[in-house]
Amino acid sequence: MAQKPSIPKGTRDFSATEMARRNYIFDTISQVYKLFGFQQIETPAMENLSTLMGKYGEEGDKLLFKILNSGDFLSGIDRTKIQDIQSQKLTSDISEKGLRYDLTVPFARYVVMHRNEIQFPFKRFQIQPVWRADRPQKGRYREFYQCDADIIGSQSLLNEIELIQMIDEVFKRLNINVVIKINNRKILAGIAEYIGAPEHLIAITVALDKLDKIGEEAVINEMIANGISTSSIEKLKPLLKVQNQNNADKLEYLKQFLLGLPIGMKGIEEMEEIFAFAETIKLQNKIQLDLTLARGLNYYTGAIFEVAALDVKMGSICGGGRYDNLTGIFGMPDVSGVGISFGADRIYDVLLELDGFPKNQMQNTSILIVNFGGSEAIQAMSIATALRNAGISCMLFPETIKIAKQFNFANVLQIPYVLIAGSNEVETGKLNLKDMNQGTQELLFIDQIIEKLQNH
RNA sequence: GUGGUUGUAGCUCAGUCGGUUAGAGUAGUGGAUUGUGGUUCCAUUGGUCGUGGGUUCGAAUCCCAUCUUCCACCCCA
């Protein structure tokens with residue numbers, strides 16, 4: 001008996017309408033990327049696990065999809081590992097490849113491998129799927145597309161500004177109102193130092209990140225659970241009070257605390273410079289300094305970004321930041337980069353909820369030519385060729401069936417014109433063109449049809 | 001990974017207290033209408049009731065497991 005087909009958890013098929021809409025998103029983003037001088041690359045779906053492991057923190061390693069080695073993958077394995085069922089220890093023996101978790105780490109690997117061919121600073125963009133073994137839910141899939149743009153080999157904060165401009169431009173073109181949240185890892189490091197818990201930077205940032213979601217009390221409880229002392233937390237509390245001020249006031253307020261701390265002051269300087277640049281360009285959307293923005297990825301060292309839609313409840317739809325030494329782990333130190341990534345699948349869900357997709361995405365074929373069979377069909381093929389040579393998309397219905405059926409086909413596929421070229425029409429050279437939306441039809445020579453459709 | 005939730009025709013969903021042959025709308029197919037679609041009318045094809053076990057004289061319905069969906073946590077795009 002035939003088995004019922006299915007696809008893996010958290011993956012999806014994309015049908016024609018969905019693809020038209022997805023391409024609208026991809027096209028918008030890549031047009032903006034190209035406009036800003038970024039060049040497209042692609043990297044393999046799978047990477048060596050040695051490239052991926054340890055780059056995303058402990059949680060990230062768990063969420064990596066690992067690929068079983070080919071062939072007799074159990075030969076030569078230490079028997080005790082199998083007997084003891086130590087699957088964690090066994091993993092490195094039976095799997096040496098994994099599906100990529102994001103596009104940034106493979107990009108760092110790419111830069112190191114191709115360093116001699118690359119002209120720095122290198123601006124690249126990359127639109128490809130990534131995979132995470134997370135539990136799926138709304139806006140979270142196991143296979144999803146990221147749309148990355150990174151500038152590597154330049155420490156200038158102009159890059160941060162350019163990324164902000166691109167974020168603003170993309171969401172302007174997509175008609176989504178957003179807030180661009182920005183923070184700086186150096187400020188967070190300064191805060192951690194100020195409260196006397198620099199070794200807990202990651203725990204502090206992860207807890208802080210949840211402030212607006214779970215509230216101050218729950219954040220403090222989480223910090224205590226992570227071994228942060230109560231005296232540190234007391235010193236932190238006044239810093240949590242700055243959320244309702246404007247960006248400049250927040251920075252001024254912070255200075256009081258971070259005055260003697262070089263890292264923190266450097267972070268504040270960077271933010272001041274970025275905001276000063278931002279003043280000089282016109283942005284559609286608001287930029288907001290958000291001290292609770294932390295981002296889980298460990299490799300960020302400077303500015304960090306996150307974008308949230310204002311009119312739809314959804315996780316972040318774009319994120320990114322500066323990383324000073326991501327290539328260092330692959331043996332190429334002191335190369336700073338900064339990048340952003342749009343989450344195309346979440347943007348899709350946001351646009352769907354806003355009813356924000358263009359309405360005419362499905363009209364890919366302009367004309368359906370009715371098939372009458374025999375010599376008329378052969379005649380129809382040359383009409384189709386003439387139309388295509390003029391750049392008009394058309395198709396000849398492949399079967400000779402009742403023409404009511406053929407009309408219905410055009411109707412369901414929303415093909416706006418049906419061309420009838422039967423024996424009557426072929427005799428006079430004037431073809432019957434029916435406008436499916438108006439219900440009208442007229443007799444036209446082929447040249448007139450081309451003219452009409454081209455001016456359409 | 002933890003807790004909860006969901007699954008019946010291609011799609012959207014009914015299905016009573018466990019009781020005969022599981023229904024509707026829509027889509028599909030044929031016709032009313034042999035060269036004209038959308039509207040209308042008539043007829044009609046689709047079901048391992050997610051899957052596997054169990055309880056029962058009898059299971060879509062109750063129980064267990066598993067997969068899937070969605071949600072919360074964790075984390076993230």
Side-chain angles (χ1 to χ4, degrees), chain A residues 1-12 15 25 29 56-64 87-88 101-104 127-148 202 205-207 209-210 213-214 218 222 225 293-298 305-309 313-321 339-350 368 370-373 376 397 400-426 431-441:
Chain A
M1 189 179 290
Q3 68 168 47
K4 194 179 248 181
S6 64
I7 55 175
K9 185 200 286 243
T11 65
R12 296 147 302 154
S15 298
I25 295 169
I29 292 170
Y56 309 105
E58 207 176 313
E59 281 297 314
D61 283 355
K62 283 187 205 158
L63 298 179
L64 282 170
S87 40
Q88 264 99 12
Y101 179 90
D102 73 355
L103 300 179
T104 308
I127 297 176
Q128 287 191 273
V130 304
W131 294 267
R132 295 181 189 178
D134 220 341
R135 279 250 182 127
Q137 52 178 281
K138 189 79 174 179
R140 174 180 294 181
Y141 307 98
R142 286 186 151 184
E143 177 184 60
F144 61 96
Y145 273 70
Q146 289 194 330
C147 311
D148 272 41
I202 290 171
T205 55
V206 167
D209 202 34
K210 296 172 196 159
K213 201 170 175 184
I214 61 176
E222 185 172 323
L293 173 60
R295 297 189 58 74
L297 295 174
N298 296 333
F305 313 102
E306 205 160 280
V307 179
K313 195 172 173 290
M314 174 70 64
S316 71
I317 52 180
C318 178
I340 51 166
S341 181
F342 290 92
D345 303 79
R346 284 187 178 173
I347 292 172
Y348 182 99
D349 292 341
V350 167
L368 176 76
V370 173
N371 186 332
F372 287 96
E376 287 139 294
F397 196 85
T400 310
I401 57 170
K402 281 176 62 165
I403 84 165
K405 296 282 162 207
Q406 302 191 38
F407 269 85
N408 190 54
F409 180 85
N411 202 44
V412 171
L413 267 68
Q414 294 178 40
I415 297 173
Y417 291 97
V418 172
L419 188 63
I420 302 126
S423 52
N424 302 346
E425 288 83 1
V426 169
L431 311 175
N432 240 326
L433 184 71
K434 176 152 184 170
D435 183 327
M436 294 298 279
N437 295 318
Q438 307 300 319
T440 56
Q441 72 186 47

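These numbers come from a predicted model, not from an experiment. Numbers restart at 1 for each chain; the letters A, B, ... are given by sequence-line order, proteins then strands.
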Fill in: Spacing of Arg142(A) atom CZ relative to U69(B) atom C1', expressed in whole Å
13 Å
Worksheet item: From the list G35(B), G3(B), G37(B), which nucleotide is the closest neighbour of the side chain of Ile420(A)?
Response: G35(B)
Worksheet entry | Pairing partner of C62(B) (Watson-Crick or G-U wobble, both distances under 3.5 Å) | G54(B)
Discussion item. Nearest to the side chain of Phe372(A), heavy atoms from C-beta on, is which of C75(B), A77(B), G35(B)?
Written reply: G35(B)
Worksheet item: Is there a donor and acceptor pair, one atom on the side chain of Glu376(A) and one on the base of G35(B), closer than 3.5 Å?
Response: no
Discussion item. So for Arg140(A) and C75(B), does any side-chain atom that can act as donor or acceptor lie under 3.5 Å from a complementary atom in the base?
Written reply: yes
Discussion item. Using a 4.0 Å heavy-atom cut-off, does Gly315(A) contact any base of the nucleic acid, only the sugar-phosphate backbone, or nothing at all?
Written reply: nothing
Worksheet item: Are Asp345(A) and Arg12(A) ion-paired here, with the side-chain N under 4.0 Å from a carboxylate O?
Response: yes
Practice prompt. Between C75(B), G35(B), C70(B), spot the one nearest the side chain of Pro136(A), thanks.
Written response: C70(B)
Discussion item. Main chain of Pro136(A), side chain of Asp134(A): is a donor-acceptor contact present, judged purely on distance under 3.5 Å?
Written reply: no
Fill in: Base of G37(B) paired with side chain of Asn411(A) (donor-acceptor, under 3.5 Å)
yes
Worksheet entry | Residue Tyr141(A), side-chain atoms from C-beta onward, closest of A77(B), A72(B), U36(B) | A77(B)
Item to complete: Tell me whether Phe144(A) is stacked on the nucleobase of A77(B), counting only the six-membered base ring and applying the 5.5 Å and 30° thresholds.
Response: yes
Practice prompt. Report the distance from atom CG of Asp61(A) to atom P of C75(B), rounded to the nearest whole Å.
Written response: 15 Å
Practice prompt. Specify the residue among Gly139(A) and Thr11(A) whose closest nucleotide of RNA chain B lies further upstream toward the 5′ end.
Written response: Thr11(A)
Discussion item. Tell me which nucleotide, if any, is Watson-Crick or G-U wobble paired with C41(B) when both distances must be under 3.5 Å.
Written reply: G31(B)
Worksheet item: If you take atom types as modelled and just measure distance, does the side chain of Arg346(A) reach the base of C76(B) with a donor-acceptor pair under 3.5 Å?
Response: yes
Item to complete: Would you kindly check if the NZ (Lys) or CZ (Arg) of Arg132(A) is within the cone defined by 45 degrees around the ring axis of Phe144(A) and under 6.0 Å from the six-membered ring centre?
Response: no
Item to complete: Please state the C1' separation for the pair A14(B) and U61(B) - nearest whole angstrom.
Response: 14 Å
Worksheet entry | Chi class for G28(B): syn within 90° of 0, otherwise anti | anti
Discussion item. Please report the distance separating the C1' of G53(B) from the corresponding atom of C67(B), rounded so that it comes out in whole Å.
Written reply: 15 Å
Discussion item. Tell me the interatomic distance from Leu63(A), atom CG, to C73(B), atom P, rounded to whole angstroms.
Written reply: 16 Å
Discussion item. From CD of Gln146(A) over to P of C76(B), roughly how many Å is that when rounded to an integer?
Written reply: 13 Å
Discussion item. Heavy atoms from C-beta onward define the side chain here; which of G31(B), G37(B), G35(B) lies closest to that of Lys434(A)?
Written reply: G37(B)
Worksheet item: Is a donor-acceptor pair below 3.5 Å formed from side chain Lys405(A) to base G37(B), judging by atom type as modelled?
Response: no
Worksheet item: Atom CD of Glu59(A) and atom C1' of G1(B): how far apart are they, to the nearest Å?
Response: 8 Å
Fill in: Touch class at under 4.0 angstrom, heavy-atom based, for Cys318(A) against every strand present
sugar-phosphate
Discussion item. Any base atoms under 4.0 Å from Gln438(A), or only sugar-phosphate, or nothing? Heavy atoms, all strands.
Written reply: nothing
Worksheet item: Hey, does Lys9(A) reach any base, or is it just sugar-phosphate, or nothing, if we go heavy atoms under 4.0 Å?
Response: sugar-phosphate
Worksheet item: Which nucleotide, C73(B), G38(B), C75(B), lies nearest any side-chain atom of Asn408(A)?
Response: G38(B)
Worksheet item: Which of the following nucleotides, U36(B), C74(B), G38(B), is nearest to the side chain of Ile403(A)?
Response: U36(B)
Discussion item. Taking the C1' atom in each of G4(B) and A9(B), what is the distance between them to the nearest angstrom?
Written reply: 30 Å
Fill in: Spacing between Phe409(A) atom CZ and U29(B) atom C1', to the nearest angstrom
17 Å
Practice prompt. Send over the distance from Ile401(A) CD1 to G30(B) C1', rounded to a whole Å.
Written response: 13 Å
Discussion item. For a quick check of understanding: with a heavy-atom distance under 4.0 Å over all strands, which category does Gly10(A) fall into, base, sugar-phosphate or nothing?
Written reply: sugar-phosphate
Worksheet item: What is the pairing partner of G47(B), taking Watson-Crick or G-U wobble pairs with both distances under 3.5 Å in any strand?
Response: none
Worksheet item: Hey, does the side-chain of Gln137(A) have a donor or acceptor N/O within less than 3.5 Å of a partner on the base of U69(B)?
Response: no
Worksheet item: Of all the choices, U36(B), G37(B), C74(B), which nucleotide is nearest to the side chain of Glu222(A) once you look at every atom?
Response: C74(B)
Worksheet item: Considering Watson-Crick and G-U wobble pairs with both distances under 3.5 Å, what does A24(B) pair with?
Response: U12(B)
Worksheet item: With no angle test and no hydrogens, is the base of G35(B) tied to the side chain of Asn424(A) by a donor-acceptor pair under 3.5 Å?
Response: yes
Response to the item:
With sequence neighbours left out, the residues meeting side-chain hydrogen bond (donor to acceptor under 3.5 Å, both in side chains) with Glu425(A) are Asn432(A)
